[in-house]
Peer 1: 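Take this structure, written in structure tokens, and hold onto it; I'll ask about it next.
Read the numbers this way: they start at 1 and go in the same order the structure lists the ligands and their atoms. Starting from 1, each residue takes its place in the sequence as its number.
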Amino acid sequence: MTAQILDGRALSTALQAGFADEITSAVATGLRPPGLAVIQVGEDPASSVYVANKRKTCEKIGMYSVSKDLKADISQAELNALVDEYNADPSIDGILVQLPLPAHLSAAEIIERIHPDKDVDGFHPENIGKLAIRQPALRPCTPFGVMKLLQTAKLDLYGMEAVVVGASNIVGRPMALELLLAGATVTITHRFTRDLEAHVRRADLLVVAAGKPGLVRGDWIKPGAIVVDVGIHRQEDGSLCGDVDFAAAAERAAWITPVPGGVGPMTIAMLMHNTVQSWRERVACS
Ligand SMILES: Nc1nc2c(c(=O)[nH]1)N[C@@H](CN(C=O)c1ccc(C(=O)N[C@@H](CCC(=O)O)C(=O)O)cc1)CN2
Ligand SMILES: [Mg+2]
């Protein structure tokens, strides 16, 4: 078997075209465009690539974006004050602080500081709580993007054995909540899981977000499974790879996401989705 590709790059491009049309039409009628504030602290090279992609995408679809590149030694109080400014700014619909932050800063504190209605990353406890109890919310972009990819491929997850590898606040945990909402039977594995291979072997749907290149071997994949790889690692030759041995996994899986071109571009598409959603609600109320 050779797996069909879940093409996140193509879907992201299509979604962006839809947002661009909506924004162009709204602006033509005199409405302001959606506004996104993108904050980066320090110069982590991978973060700089992602932040540049986010800013470029805003420009491409006609979204207003403000960029703040802050020195790595900025204080928590200064960062909080900047978020307060954007919380109060009526031209801004979404605020994102790129993670990870330097060690002296608290991600939890800054995430809670962002107004839940402008939390386009969907990381605020209010938004995560709403996701957990099936209320409408701004949803974390990576898991939301994975769901959009699966829905677009018309993959019905109802009753499936879903295994999520990794329990981070930004991917693994909200991913498990999304899959539960979609009717899957969900297992989350993590660093204390005793027999990862046994869990992976019984997965009809496997989502791997462990941050370890090549962690999941191709021969662990259940024949016919859906494999979603959230990992991104730059190799010595400059190429990118995921947490799953792609070539071997693609021999057994029915569907698989590539790295690059799978989940990464969907994260950006859903960030645009969330910002447009926040903007729609704000302009409708103004
Ligand atoms: N505030 C946030 N920080 C982080 C998030 C997040 O959603 N919000 N997620 C990750 C990084 N991330 C988004 O910020 C992200 C990762 C990867 C991509 C992407 O487009 N990847 C491309 C390859 C890009 C490359 O050349 O390196 C792909 O997979 O095709 C976008 C966003 C952690 N931090
Ligand atoms: Mg609210």
Peer 1: State whether a side-chain donor-acceptor pair under 3.5 Å links R55 with S67.
Peer 2: yes
Peer 1: What protein heavy atom sits nearest atom 4 (C) of ligand 1, and how far away is it?
Peer 2: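 Answer, as residue, atom name and distance: Q98 NE2, 3.4 Å.
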Peer 1: Would I110 and I95 show up in the same hydrophobic cluster when neighbours are defined by side-chain heavy atoms closer than 4.5 Å?
Peer 2: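 Yes.
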Peer 1: For atom 5 (C) of ligand 1, what is the nearest protein heavy atom, given as residue, atom name and distance?
Peer 2: I170 CD1, 4.0 Å
Peer 1: With salt bridge (charged side-chain N to carboxylate O under 4.0 Å, His left out) as the test, would you mind laying out the steps for K222 and E161 before giving the verdict?
Peer 2: CA-CA 11 Å; K222 182 174 177 178; E161 287 291 335; over 6 Å; no
Peer 1: Can you get from F246 to V208 by hopping between Ile, Leu, Val, Met, Phe, Trp and Tyr side chains that sit under 4.5 Å apart?
Peer 2: yes
Peer 1: For side-chain contact (heavy atoms from CB on, under 4.5 Å), just list the numbers for V216 and I221, CA-CA rounded to whole Å, side-chain angles, deciding distance to a tenth of an Å, and then say yes or no.
Peer 2: CA-CA 8 Å; V216 171; I221 303 299; 4.0 Å; yes
Peer 1: May I ask you to check whether G261 has an N/O atom sitting below 3.5 Å from an N/O atom of ligand 1?
Peer 2: yes
Peer 1: Do any N or O atoms from the side chain of S12 and from the backbone of P265 form a donor-acceptor pair under 3.5 angstrom?
Peer 2: yes
Peer 1: Using a strict cut-off of 4.0 Å, indicate which atoms of ligand 1 neighbour a heavy atom of P265.
Peer 2: 20 (O), 28 (C), 29 (O), 30 (O)
Peer 1: Will you find, in the side chains of H233 and D243, an N or O donor that is under 3.5 Å from an N or O acceptor?
Peer 2: yes
Peer 1: Taking only heavy atoms of V97, which atoms of ligand 1 are found under 4.0 Å from at least one of them?
Peer 2: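 Selected atoms, number and element: 1 (N).
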Peer 1: Tell me, which protein residue and heavy-atom name are nearest atom 15 (C) of ligand 1, and how many Å apart are they?
Peer 2: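 Nearest protein contact, heavy atoms only, for atom 15 (C) of ligand 1 is Y50 CG, 3.6 Å.
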Peer 1: What atoms of ligand 1 come within less than 4.0 Å of a heavy atom belonging to L240?
Peer 2: 23 (C), 25 (C), 26 (O), 27 (O)
Peer 1: Counting non-hydrogen protein atoms only, what is the nearest one to atom 2 (C) of ligand 1? Give residue, atom name and distance.
Peer 2: D121 OD2, 3.5 Å
Peer 1: Cut-off 3.5 Å, side chains only: do Q40 and K68 have a donor facing an acceptor?
Peer 2: no
Peer 1: Which atoms from ligand 1 have a heavy atom of T267 less than 4.0 Å away?
Peer 2: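 Under 4.0 Å from T267, ligand 1 has these atoms: 7 (O), 13 (C).
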Peer 1: Side chains of S75 and E78: any donor to acceptor distance under 3.5 Å?
Peer 2: yes
Peer 1: Heavy atom under 4.0 Å from ligand 1: found in I268's side chain, backbone, both, or neither?
Peer 2: side chain
Peer 1: For V49, take its heavy atoms, then give the atoms of ligand 1 lying under 4.0 Å from any of them.
Peer 2: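 Once the distances to V49 are compared, the set is 25 (C), 27 (O).
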Peer 1: Which heavy atom of the protein is the closest neighbour of atom 27 (O) of ligand 1, given with residue, atom name and distance?
Peer 2: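 Answer for atom 27 (O) of ligand 1: R234 NH2, 3.3 Å.
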Peer 1: Answer with side chain, backbone, both or neither: which part of V51 has a heavy atom less than 4.0 angstrom from an atom of ligand 1?
Peer 2: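 Near ligand 1, V51 shows nothing, with every heavy atom at 4.0 Å or more.
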Peer 1: Name the closest protein heavy atom to atom 21 (N) of ligand 1, giving the residue it belongs to and the distance to 0.1 Å.
Peer 2: I232 CD1, 3.5 Å
Peer 1: Given that the side chain starts at C-beta and the backbone is N, CA, C, O, which of these parts of V263 lies under 4.0 Å from ligand 1, counting heavy atoms, or is it both or neither?
Peer 2: neither
Peer 1: Any idea which protein heavy atom is nearest atom 13 (C) of ligand 1, and the distance to it?
Peer 2: K54 NZ, 3.4 Å
Peer 1: Does the protein place any heavy atom closer than 4.0 Å to atom 10 (C) of ligand 1?
Peer 2: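 Protein heavy atoms within 4.0 Å of atom 10 (C) of ligand 1 - there are none.
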Peer 1: Please list the nearest protein heavy atom to atom 31 (C) of ligand 1 with its residue and the distance rounded to 0.1 Å.
Peer 2: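 Sorting protein heavy atoms by distance from atom 31 (C) of ligand 1 puts G264 O, 3.5 Å first.
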Peer 1: May I ask you to decide if A167's main-chain N or O and R173's side chain share a donor-acceptor pair within less than 3.5 Å?
Peer 2: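 Judged by distance alone, yes, a pair lies under 3.5 Å.
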Peer 1: Quick one: does ligand 1 sit under 4.0 Å from the side chain of L99, the backbone, both or neither, non-hydrogen atoms only?
Peer 2: both
Peer 1: Going by atom types alone, do S278 and R282 pair a side-chain donor with an acceptor below 3.5 Å?
Peer 2: yes
Peer 1: Going by atom types only, do S239 and R234 share a side-chain donor-acceptor pair under 3.5 Å?
Peer 2: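 Absent: no donor and acceptor within the cut-off.
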